[in-house]
Amino acid sequence: MGGVLAAATEALLPGMCPHCDLPLAGDDRGLCGACWAMVIPHAGASCPKCGRPVDEASEPCLGCVRSTPPQSATVIWGEHDGALRSAILALKHGGRDDLADPLAFRLAAAVGATPWAASLDVVSWVPSHAVRRFRRPFSAPRLLSAGVARRLDVAHRKTLARHGLGRQAQRTRARRLELSARSFSAGRFAGRPKVLLVDDVMTTGATIRRAAAALLEAGASAVFGACLAATPPPRRLT
């Protein structure tokens, strides 16, 4: 009876914007119109390998010069701050799957503008460990990747398994960089596909590096990354 009452209440009462906590209008999706207006893409130059902001787009960032990522290129749509951060957290932890489609639309547009988008064979996602999936009703990267695949008209399928129960979100930046090279595995590919690997947030880039390396080891001819947001540089964190 409680479940029926909760469902009826949710249907009758307006949803709330997860950023400003105001009621959503009838045509709002996920965030209110005013907060969507604050969700803007990164407009400056980006590193061609990891997608991080740089001064010159034609040159890799210092981190990629020191240690070249296994992925051929990475798209990062925006910064994990403000209204975009609220939207991602609501999608990941608040059960707000209504945010997946409008966020995927934005990420797909950024991927579609790249010179390599037309060559993609498969769109996949960075998975969580199977045990952790029991605690959440859905995977944010999986929902985002499904929306990106649909808009790019590319096959969407699971390619990776995750090993180990340690959460990157609970670790310091230094510990994140220590993520095991065996954190992901993939079955052998039939053919040599070009894979787009989707994740929600990039902090150090260690996760997408390990996942991309596993796909290349499994026979992918190239791996490209797409992240909805990257965390601000450490000097800006408070």
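Since this is a predicted model, take the numbers as computed values, not measurements. The analysis underlying the following values was restricted to heavy atoms, covering all of them including side chains, and did not include hydrogens, waters or symmetry mates.
- Leu216 and Pro70 make their closest contact through CD1-O, 3.4 Å (heavy atoms, listed as atom of the first residue, atom of the second, distance).
- For the salt bridge (Lys or Arg N to Asp or Glu O under 4.0 Å) test, no residue two or more places apart in sequence or in another chain qualifies with Glu59.
- Atoms CG and CG, from Leu144 and Leu228 in turn, are 6.0 Å apart once rounded to the nearest 0.5 Å.
- The line from CD1 of Ile208 to CD of Gln71 is 5.5 Å long, rounded to the nearest 0.5 Å.
- Under a hydrophobic clustering in which Ile, Leu, Val, Met, Phe, Trp and Tyr are joined whenever their side-chain heavy atoms come within less than 4.5 Å, directly or via other members, Ile76 and Val126 fall into the same cluster.
- For the side-chain contact (heavy atoms from CB on, under 4.5 Å) test with Thr74, the passing option among Arg52, Lys49, Met202 is Met202; the others fail.
- At least one donor-acceptor pair closer than 3.5 Å links the side chain of Arg96 to the backbone N or O of Gly30.
- To the nearest 0.5 Å, the span separating OG on Ser185 from CD on Glu217 amounts to 9.0 Å.
- His19 is not listed as a side-chain neighbour of Leu89, based on a closest heavy-atom distance of 4.5 Å or more.
- From Leu31, atom CG reaches atom CG of Leu24 across 7.5 Å, with rounding to the nearest 0.5 Å.
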(message) Go through it in stages, so that I can follow the logic: the residues are Val111 and Val198, the test is side-chain contact (heavy atoms from CB on, under 4.5 Å), and I'd like the CA-CA distance, side-chain angles, deciding distance and then a yes or no.
(response) CA-CA 10 Å; Val111 173; Val198 176; over 6 Å; no

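- A salt bridge does not link Asp121 with Arg157: every distance from a Lys NZ or Arg NE/NH1/NH2 to an Asp or Glu carboxylate oxygen is 4.0 Å or more.
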(request) For Ser67 and Arg209, run side-chain contact (heavy atoms from CB on, under 4.5 Å): C-alpha distance rounded to whole Å, both residues' side-chain angles, the deciding distance at 0.1 Å, then the answer. (result) CA-CA 11 Å; Ser67 176; Arg209 278 176 176 249; 3.1 Å; yes

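- What you find for Leu215 and Phe189 is that their closest heavy atoms are O-CE1, 3.5 Å.
- Side-chain contact between His156 and Ser124 is absent, with no heavy atoms from C-beta onward closer than 4.5 Å.
- A donor-acceptor contact shorter than 3.5 Å links the side chain of Ser221 to the backbone of Pro193.
- Atom SG of Cys32 is separated from atom CE of Met38 by 6.5 Å, given to the nearest 0.5 angstrom.
- Here the side chains of Arg142 and Pro127 are not in contact, with every heavy-atom distance at 4.5 Å or above.
- Gly44 and His42 make their closest contact through O-NE2, 3.2 Å (heavy atoms, listed as atom of the first residue, atom of the second, distance).
- What you find for Leu160 and Ala211 is that their closest heavy atoms are CD1-CB, 3.8 Å.
- Across all non-hydrogen atoms, the minimal contact from Ala220 to Arg192 is O-NH1, 3.7 Å.
- Linking ILVMFWY residues whenever their side-chain heavy atoms come closer than 4.5 Å, directly or via other members, leaves Val201 and Trp125 in distinct clusters.
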(message) Between Ser72 and Trp116, does the side-chain contact (heavy atoms from CB on, under 4.5 Å) criterion hold? Intermediate values first, please.
(response) CA-CA 10 Å; Ser72 298; Trp116 42 264; over 6 Å; no

(request) Verify side-chain contact (heavy atoms from CB on, under 4.5 Å) between Leu84 and Leu103, making sure each step is shown before the conclusion. (result) CA-CA 9 Å; Leu84 180 57; Leu103 291 173; 3.9 Å; yes

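- One hydrophobic cluster holds both Val148 and Leu91 under the rule that ILVMFWY side chains link at heavy-atom gaps under 4.5 Å.
- For the atom pair Arg162 CZ and Thr207 OG1, the distance stands at 5.0 Å (nearest 0.5 Å).
- Two different hydrophobic clusters hold Trp77 and Val54 under the rule that ILVMFWY side chains link at heavy-atom gaps under 4.5 Å.
- A cation-pi arrangement is present between Arg106 and Trp36 under the rule of less than 6.0 angstrom and at most 45 degrees off the ring axis.
- Nearest heavy-atom pair, Cys227 versus Leu107, reported as atom, atom and distance to 0.1 Å: O-CD1, 3.6 Å.
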